[in-house]
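Below is one structure, written out as structure tokens, with a few remarks after it.
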Amino acid sequence: MRLDNMLLAEGVAGPEKGGGSAAAAAAAAASGGAGSDNSVEHSDYRAKLSQIRQIYHTELEKYEQACNEFTTHVMNLLREQSRTRPISPKEIERMVGIIHRKFSSIQMQLKQSTCEAVMILRSRFLDARRKRRNFNKQATEILNEYFYSHLSNPYPSEEAKEELAKKCGITVSQVSNWFGNKRIRYKKNIGSKQTERGAMAPQNKMQFLSPQNLGGYPSPCYQSDRRIQ
DNA sequence: AGGAATGATTGTGC
DNA sequence: GCACAATCATTCCT
């Protein structure tokens, strides 16, 4: 049931209207509108998705046909056998039931593998990591300035994040990502520097308040950021 | 070409 | 829900 829902949601198992371009059209309509380059970026994705859809439907049809053929074949056999021994309608019904269950389990496997294919396709095309672009120098400068001038507590509030996002031309979640990455990498940098000097400082807490880190902006630590000279 | 840097995602814990 | 940590995938630098 879950597989059915997912395939339906992805437009793979939707109602088949003629050539099967209904799903692609629906996807285009859904992703279209404001994002002008979105549909262009996703056209390859949609093409692959409709390919999956086509394979899925032909396979499904094949299985259905095979199931029907096999059922009539078995029915014929039973009919032949009924000449030599009595066969109750119940027995025939039971036989048909078994065949249908077998074939529906095969269909289940088909659905599962189609789901997997869609998932892989999604991760290949829709994963933002694949189209990552570095922020421009100015944006990085602004973020770094905030970070190093709030080194004692580099956790911008929601409003501050919005402000930074607006200034940098990025989204709030990108700001959050940036600060998450920055905090952890900054801490790591400090940690490796301290172990280099042989000072085994406790690493279980954030070290943003340690005196050597409060050199202001730009600090010695800031200069360790090789992007900014 | 290969490693470092970097933005994004995923899993985990609180 | 957020922060952290590990990891991925891409970009940048040498």
Side-chain angles (χ1 to χ4, degrees), chain A residues 2-3 5-6 9-10 27 30-31 34-49 52 112 115-197 199-215 217-229:
Chain A
R2 287 219 314 276
L3 290 174
N5 287 339
M6 186 202 151
E10 294 300 329
S31 68
S36 54
D37 60 333
N38 218 12
S39 58
V40 177
E41 257 180 40
H42 291 175
S43 68
D44 210 9
Y45 168 76
R46 287 203 311 277
K48 288 265 195 311
L49 190 65
I52 289 174
Q112 183 137 22
C115 270
E116 276 166 22
V118 172
M119 289 306 231
I120 290 165
L121 187 68
R122 281 179 73 89
S123 71
R124 273 207 78 73
F125 279 84
L126 270 46
D127 190 340
R129 281 180 293 206
R130 290 194 171 272
K131 44 192 178 215
R132 184 180 73 74
R133 292 289 173 289
N134 286 1
F135 300 151
N136 61 41
K137 250 186 164 155
Q138 205 181 346
T140 314
E141 188 81 22
I142 291 166
L143 293 166
N144 269 316
E145 173 151 15
Y146 186 97
F147 181 82
Y148 287 105
S149 61
H150 297 74
L151 209 50
S152 58
N153 185 37
Y155 298 86
S157 64
E158 199 57 38
E159 298 88 69
K161 279 182 192 171
E162 276 168 26
E163 176 92 27
L164 285 166
K166 198 179 272 183
K167 270 196 210 166
C168 299
I170 58 178
T171 67
V172 173
S173 62
Q174 282 179 307
V175 173
S176 298
N177 285 340
W178 190 92
F179 272 88
N181 283 323
K182 188 70 183 176
R183 281 191 299 263
I184 205 151
R185 283 161 185 168
Y186 177 80
K187 196 175 72 167
K188 250 183 196 167
N189 248 350
I190 298 301
S192 67
K193 269 179 193 164
Q194 283 181 345
T195 48
E196 257 175 43
R197 291 196 220 104
M200 273 304 290
Q203 294 297 311
N204 56 335
K205 274 270 175 194
M206 281 294 204
Q207 301 280 311
F208 296 115
L209 266 170
S210 61
Q212 74 266 35
N213 300 342
L214 292 172
Y217 169 77
S219 70
C221 301
Y222 181 62
Q223 283 168 353
S224 77
D225 215 330
R226 76 180 169 83
R227 289 298 163 98
I228 319 287
Q229 262 89 24

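Proteins come first, then strands; the chains are lettered A, B, ... in the order of their sequence lines, and each starts at number 1.
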Exercise. When you measure from the side chain of A/Arg183, which nucleotide among C/dA5, B/dG7, C/dA3 comes out closest?
Worked result: C/dA3
N/O donor-acceptor pairs under 3.5 Å from side chains in residues 159-172 of chain A, not counting sequence neighbours:
residue, atom, partner, partner atom, Å
A/Lys161, NZ, A/Ser176, OG, 3.2
A/Thr171, OG1, A/Ser173, OG, 3.2
A/Thr171, OG1, A/Gln174, N, 3.1
A/Thr171, OG1, A/Gln174, OE1, 3.4

For this session: Select from A/Pro156 and A/Arg185 the residue whose nearest nucleotide in DNA chain C is closer to the 5' end of that strand.
Result: A/Pro156
For this session: Remember a base hit wins even if backbone is also touched, and classify A/Phe179 as base, sugar-phosphate or nothing at under 4.0 Å, heavy atoms.
Result: nothing
Problem set entry | Closest non-hydrogen atom pair, A/Pro154 against A/Arg183 | O-NH1, 3.0 Å
Problem set entry | Qualifying residues under side chain to side chain contact (heavy atoms under 4.5 Å, CB included), relative to A/Asn136, sequence neighbours excluded | A/Gln138, A/Ala139
For this session: Round to a whole Å and report the spacing from CG of A/Asn177 to C1' of C/dA9.
Result: 14 Å
For this session: Look at the rings of A/Phe179 and A/Tyr146 and say which category their plane angle falls in: under 30° parallel, 30 to 60° tilted, over 60° perpendicular.
Result: perpendicular
Exercise. OP1 or OP2 of B/dA8 less than 4.0 angstrom from a side-chain nitrogen or oxygen of A/Lys182, does that happen here?
Worked result: no
Exercise. According to a strict under-4.0 Å criterion, is A/Asn181 in side-chain N/O contact with OP1 or OP2 of B/dG7?
Worked result: no
Exercise. Is A/Lys187 near enough to C/dA5 that one of its side-chain N or O atoms lies under 4.0 angstrom from OP1 or OP2?
Worked result: yes
Exercise. Would you say B/dG7 has OP1 or OP2 under 4.0 Å from some side-chain N or O of A/Gln174?
Worked result: no
Seminar exercise, completed: In whole angstroms, the gap separating P of C/dC12 from CZ of A/Arg133 amounts to 8 Å
For this session: Report yes if at least one side-chain N or O of A/Tyr155 is closer than 4.0 Å to OP1 or OP2 of C/dG1; otherwise report no.
Result: no
